[in-house]
J.: 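Just passing along the structure, written as structure tokens.
Chain identifiers are assigned alphabetically (A, B, ...) following the order of the sequence lines, protein sequences preceding nucleic acid strands; residue numbering begins at 1 within each chain. Any value given below was found using the heavy atoms of this structure, including those in side chains, with hydrogens, waters and symmetry copies removed.
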Amino acid sequence: MIDLKYLQNSFEEASKRLEKKGVKQESLEALKERFERLKEANRLYEETRAKQNQLSKLFGQYKRDGKDISELQAQVNELKAEVAKYQDEAREAEDNLHALAMGIPNFPDESVPFGESEDDNVEIRKVLEPREFDFRPKEHWELGEANGWIDFERGVKLAKSRFSLLKGQGARLQTALINYFLDKNIQAGFEEYAVPFMVNSKMLEGTGQLPKFEDDLFKVSDEDLWLIPTAEVPLTNIYHDEILGTDELPILMTAYSPCFRREAGSAGRDTRGIIRQHQFAKVEMVSIAHPDKSDEIFEKMVEQASNLLSELGLPHRLVELCSGDLGFSAARTIDLEVWLPGQGKYREISSVSNTRDFQARRAKIRFKDGKKNRLVHTLNGSALAVGRTIVAIMENYQNEDGTIEIPKVLKKYL
RNA sequence: AGAGAGGUGGCCGAGCGGUUGAAGGCGCACGCCUGGAACGCGUGUGUAGCGUAAGCUACCGAGGGUUCGAAUCCCUUCCUCUCUGCCA
């Protein structure tokens with residue numbers, strides 16, 4: 001959630017910043033108005049409530065002194081109705097504010113380039129030269145089937161479309177990658193966690209998936225439980241509604257998890273292959289940082305993801321997302337796109353974001369700064385999406401006969 | 001899943017429906033004491049919102065209700081513990 005006081009005090013600036021992300025001025029005006037209405041409603045409620053409390057306190061005295069309370073009673077009864085009325089109004093104002101505020105995305109950083117769509121994203125640099133093929137490189141689904149690594153049809157039979165299964169060397173490769181990523185992340189100072197793969201709705205509100213993006217999620221029927229779309233959700237919310245000590249920061253976490261996404265808006269995109277599935281494996285990094293240190297940690301996380309790709313020998317590029325392509329919670333995001341020779345394109349394989357205090361405010365994650373409690377900064381990034389890494393390995397390491405080499409660094413994991 | 005017990009401040013632990021935001025203890029911080037420490041003594045020690053401030057409001061797992069007034073009574077719900085059942 002954005003800082004409503006900031007919105008109120010610096011409305012021009014705030015709305016200008018959010019305009020870059022496609023937020024209409026009107027909704028911000030409405031938000032500001034609802035914030036002010038809530039404050040007014042609260043003020044009225046608290047004032048009348050204070051009066052009532054004062055009178056109520058007299059009852060004890062009156063009784064002890066044996067005085068008549070009937071007049072007092074009448075007075076309080078009048079106030080009571082008023083208090084109830086103001087309380088209802090305050091609650092309604094609160095609900096209205098919350099409903100709107102939770103749907104407003106985060107401010108992009110000043111440094112984020114302006115743009116409307118992914119076409120306006122800015123390439124920062126390329127890492128490793130794509131290899132020259134002296135034959136037509138195949139796409140991963142051809143290779144996956146030919147090698148018996150991926151079974152698309154039976155995956156669909158077991159669940160539905162956009163599910164698949166890995167077997168044999170394909171499955172081994174996934175396990176190897178997970179272990180490799182976790183090992184490297186641990187070496188870089190991240191601590192490994194094994195987290196629940198389902199969370200309740202409060203946690204999803206904390207990280208920003210709910211209430212706005214319910215359609216992207218799988219929900220467990222009859223329970224307030226949802227399959228996680230990324231380990232970012234449980235990892236970040238580990239400290240939901242907690243106050244950390246300054247000396248505990250930064251907290252660097254990593255976890256493997258399957259990720260479940262309904263991808264409601266993506267019909268027709270990447271229908272072949274395992275680029276876009278309802279379930280995929282990912283190793284995630286999440287950092288809880290002191291506000292002054294989050295930029296530094298952001299760089300570290302980008303470097304970490306890039307290093308993983310480099311060590312696997314996978315050509316990739318770093319792309320700074322423009323304002324219009326930035327996710328709901330992110331203030332800044334760098335995507336890592338891996339080269340896929342079969343497609344002849346760079347495709348997203350990791351996304352590192354700094355959400356600043358946006359998630360922290362929603363999830364109430366604070367730290368003690370001297371006497372004061374302050375919101376932390378939260379960051380997340382993939383290191384890496386495992387399914388897409390398998391795709392990248394297959395396509396980049398393919399031989400003309402369809403066989404696939406294994407990257408050197410993975411040999412000891414297989 | 002069934003039966004029972006319970007959820008109070010960083011922790012332990014009190015709390016006849018009326019100055020209880022909450023006794024007492026531990027812990028912690030500061031001060032005194034000391035050559036320095038321990039002990040001892042003194043003071044302080046939750047969070048959030050509104051307000052320049054004094055202060056006001058809210059919070060005793062959560063949500064409702066009864067009442068002039070609820071940590072205390074009632075309902076719902078979640079969680080923990082013990083026993084039984086089931087299970088990797």
Side-chain angles (χ1 to χ4, degrees), chain A residues 1-9 31-102 194-206 210-211 219-226 234 237-249 251 258 357-376:
Chain A
M1 199 164 81
I2 61 167
D3 183 353
L4 293 173
K5 277 188 192 164
Y6 167 67
L7 179 76
Q8 188 188 28
N9 296 332
L31 185 61
K32 184 178 168 224
E33 198 183 300
R34 287 184 197 193
F35 181 52
E36 278 158 4
R37 200 193 308 158
L38 172 66
K39 280 172 52 170
E40 177 61 12
N42 270 338
R43 195 183 59 78
L44 281 169
Y45 163 67
E46 284 177 13
E47 277 175 9
T48 48
R49 178 73 179 171
K51 275 189 224 164
Q52 192 200 15
N53 282 346
Q54 267 175 5
L55 289 181
S56 289
K57 274 186 188 164
L58 294 177
F59 275 80
Q61 266 179 27
Y62 275 43
K63 276 192 177 167
R64 273 194 296 274
D65 302 347
K67 282 166 136 176
D68 179 37
I69 59 167
S70 55
E71 195 184 322
L72 192 58
Q73 183 88 52
Q75 263 182 338
V76 174
N77 280 342
E78 250 174 75
L79 262 182
K80 203 189 170 190
E82 212 176 321
V83 169
K85 188 185 82 185
Y86 286 138
Q87 186 173 35
D88 286 348
E89 282 176 13
R91 274 187 193 166
E92 198 191 324
E94 167 93 63
D95 291 347
N96 285 340
L97 175 71
H98 195 250
L100 188 57
M102 290 296 275
V195 295
F197 299 151
M198 293 182 224
V199 294
N200 60 47
S201 49
K202 225 188 193 113
M203 302 303 119
L204 287 156
E205 284 178 18
L210 287 179
K219 186 178 188 312
V220 177
S221 59
D222 303 326
E223 296 264 6
D224 180 28
L225 284 174
W226 309 65
N237 282 295
I238 286 172
Y239 297 103
H240 191 105
D241 202 12
E242 292 196 22
I243 301 168
L244 300 156
T246 319
D247 56 342
E248 291 178 78
L249 302 177
I251 300 172
D357 62 11
F358 185 82
Q359 291 181 327
R361 186 172 291 104
R362 290 174 157 244
K364 304 191 190 80
I365 309 173
R366 293 146 295 170
F367 72 101
K368 273 262 181 255
D369 190 13
K371 200 87 173 111
K372 276 274 192 199
N373 294 329
R374 288 177 64 194
L375 295 167
V376 298

J.: According to a strict under-4.0 Å criterion, is A/K372 in side-chain N/O contact with OP1 or OP2 of B/G46?
T.: no
J.: Would you please confirm or rule out a distance under 4.0 Å between OP1 or OP2 of B/C56 and any side-chain N or O of A/R49?
T.: no
J.: If you measure from the C1' atom in B/C59 to the same atom in B/A71, how many Å do you get, rounded?
T.: 11 Å
J.: In terms of heavy-atom contacts, does NZ of A/K202 have more than 12 from other residues, nucleotides or ligands at under 6.0 Å?
T.: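 Not more than 12 within 6.0 Å, no.
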J.: Give a yes/no answer on whether the side chain of A/N53 brings an N or O atom under 4.0 Å of OP1 or OP2 in B/G69.
T.: no
J.: When you measure from the side-chain N and O atoms of A/N77 to the phosphate of B/U67, is any distance below 4.0 Å, counting only OP1 and OP2?
T.: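 No.
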J.: A/F367 CZ to B/G10 C1': how many Å, rounded?
T.: 19 Å
J.: Tell me if the NZ atom of A/K51 is crowded by more than 12 foreign heavy atoms within 6.0 Å.
T.: no
J.: Any side-chain heavy atom of A/F367 within less than 4.5 Å of one from A/N373?
T.: no
J.: Got a sec: does the CD of A/E92 have more than 12 other heavy atoms crowding it under 6.0 Å?
T.: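 No, CD of A/E92 has 12 or fewer neighbouring heavy atoms, counting only those of other groups under 6.0 Å.
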J.: Go through B/G49, B/G18, B/G51 for me and flag the one nearest to the A/E46 side chain.
T.: B/G49
J.: Kindly point out which of B/A48, B/C56, B/C68 is positioned nearest to the side chain of A/F59?
T.: B/C68
J.: Look at A/N373 and B/A48 and indicate whether a side-chain polar atom (N or O) is within less than 4.0 Å of OP1 or OP2.
T.: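 Indeed, a polar side-chain atom of A/N373 lies that close.
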J.: Are A/Q359 and A/R362 linked by a side-chain donor-acceptor pair shorter than 3.5 Å?
T.: no
J.: Nearest-Å distance, NE2 (A/H240) to C1' (B/A62)?
T.: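 Nearest whole value for this atom pair: 13 Å.
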J.: With the side chain of A/R366 defined as its heavy atoms from C-beta on, choose the nearest nucleotide among B/C50, B/U57, B/A48.
T.: B/A48
J.: In the strands shown, is B/C32 matched to any nucleotide by a Watson-Crick or G-U wobble pair with both distances under 3.5 Å, and which?
T.: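 Pairing partner: B/G40.
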J.: Expressed as a whole number of angstroms, how long is the span from A/K80:NZ to B/C68:P?
T.: 5 Å
J.: To the nearest Å, give me how far apart OH (A/Y86) and P (B/C50) are.
T.: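 Taking atom P of B/C50 as the reference, OH of A/Y86 is at 20 Å.
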J.: In whole Å, I'd like the distance from the CG atom of A/L38 to the P atom of B/A48.
T.: 17 Å
J.: Find the distance A/K39:NZ to B/C50:C1' and express it as a whole number of Å.
T.: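 Result: 8 Å.
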J.: If you go through the side-chain atoms of A/Q52, does one of them form a donor-acceptor pair with the base of B/G69 closer than 3.5 Å?
T.: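 Side chain to base: no pair present.
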J.: Does B/G6 have a Watson-Crick or wobble mate here (both distances under 3.5 Å), and if so which one?
T.: B/C79
J.: Are A/Y45 and B/U57 stacked, counting the six-membered base ring, centres under 5.5 Å, planes under 30°?
T.: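 No, the aromatic ring of A/Y45 does not stack with the base.
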J.: Think A/K51 has a side-chain N or O under 4.0 angstrom from the OP1 or OP2 of B/C68?
T.: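 No, outside the criterion.
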